[in-house]
Amino acid sequence: MSKIAQQNSAPGISVIHTQAPAGGLQQVPQLVPAGPGGGGKAVAPSKQSKKSSPMDRNSDEYRQRRERNNMAVKKSRLKSKQKAQDTLQRVNQLKEENERLEAKIKLLTKELSVLKDLFLEHAHNLADNVPPPSTENTTSDNAGQ
C-alpha cells in the first residue's frame with residue numbers, strides 16, 4: 001500500500017502526495033479542500049492582501065477608493081434608471097400603436113361586411129332578373145338551319 005501525506009500549500013487547499021509502491025506506477029497528486037467550509041473557490045491574491053491588511057479609513061487612498069466606488073454606483077443606478085425609462089416609453093408607444101391598429105381592424109371589418117352584403121344583394125338581384133334557359137329556343141334555332 002502507499003503512504004498518504006497532506007501538506008497545506010495555500011489557505012483552504014490541501015495537496016495529497018502519495019508514495020508509489022516499489023516497482024509500481026506513480027500517482028498524480030490531487031487537490032482537495034482542506035476543511036469542511038473550503039467550498040472549492042480560490043481567493044485572488046489581490047483580494048487576500050486587502051483582507052489581511054485592513055485599510056485605514058482616514059487615509060487618502062481609502063477616501064479616493066470610496067469616492068470612485070460611490071461614483072461608479074451612482075453611474076450604474078442612473079444607467080439602470082434611464083434604461084427603465086426608455087423601456088417604459090417604448091411600451092407606451094407600442095400600446096398606442098396597438099390601439100390604432102385595433103381600431104383600423106374594426107373599421108376594415110365593418111367595411112368588408114358592408115361590401116360583402118352589397119355584393120351578395122347585387123348577385124341575388126342578377127340571379128332574379130335572368131330568365132331561366134328554355135328548351136324551345138334551342139330546338140327552333142336548330143330546325144331553321
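When reading the values below, keep in mind they use all heavy atoms of this one structure, side chains included, and skip hydrogens, waters and symmetry mates.
In this structure, Arg63 CZ and Asn58 CG are separated by 7.0 Å, a value rounded to the nearest 0.5 Å. Atom-to-atom distance recorded for Asn125:CG and Leu120:CG is 11.0 Å, nearest 0.5 angstrom. Rounded to the nearest 0.5 Å, atoms CG (Leu101) and CG (Leu108) are 10.5 Å apart. Separation of atoms CD (Gln93) and CG (Leu88) is listed at 10.5 Å; rounding is to 0.5 Å. Interatomic distance, CD1 of Ile105 versus CZ of Arg100, reported as 13.0 Å (0.5 Å rounding).
Ionic pairing of Lys95 and Glu99 is not present here: no N-O contact between side-chain nitrogen and carboxylate oxygen is shorter than 4.0 angstrom. With respect to Asp86 and Lys83, no salt bridge is recorded, no charged nitrogen being found less than 4.0 Å from a carboxylate O.
Within a 6.0 Å radius of CD in Glu67, no more than 12 heavy atoms belonging to other residues, nucleotides or ligands are found.
The shortest distance between side-chain heavy atoms of Asn98 and Glu102 falls below 4.5 Å.
Under the side-chain contact (heavy atoms from CB on, under 4.5 Å) rule, Asn69 has a single partner from Arg66, Arg65, Met71, which is Arg66.
Side-chain N or O atoms of Ser80 include none that pairs as donor or acceptor with a backbone N or O of Ser76 at under 3.5 Å.
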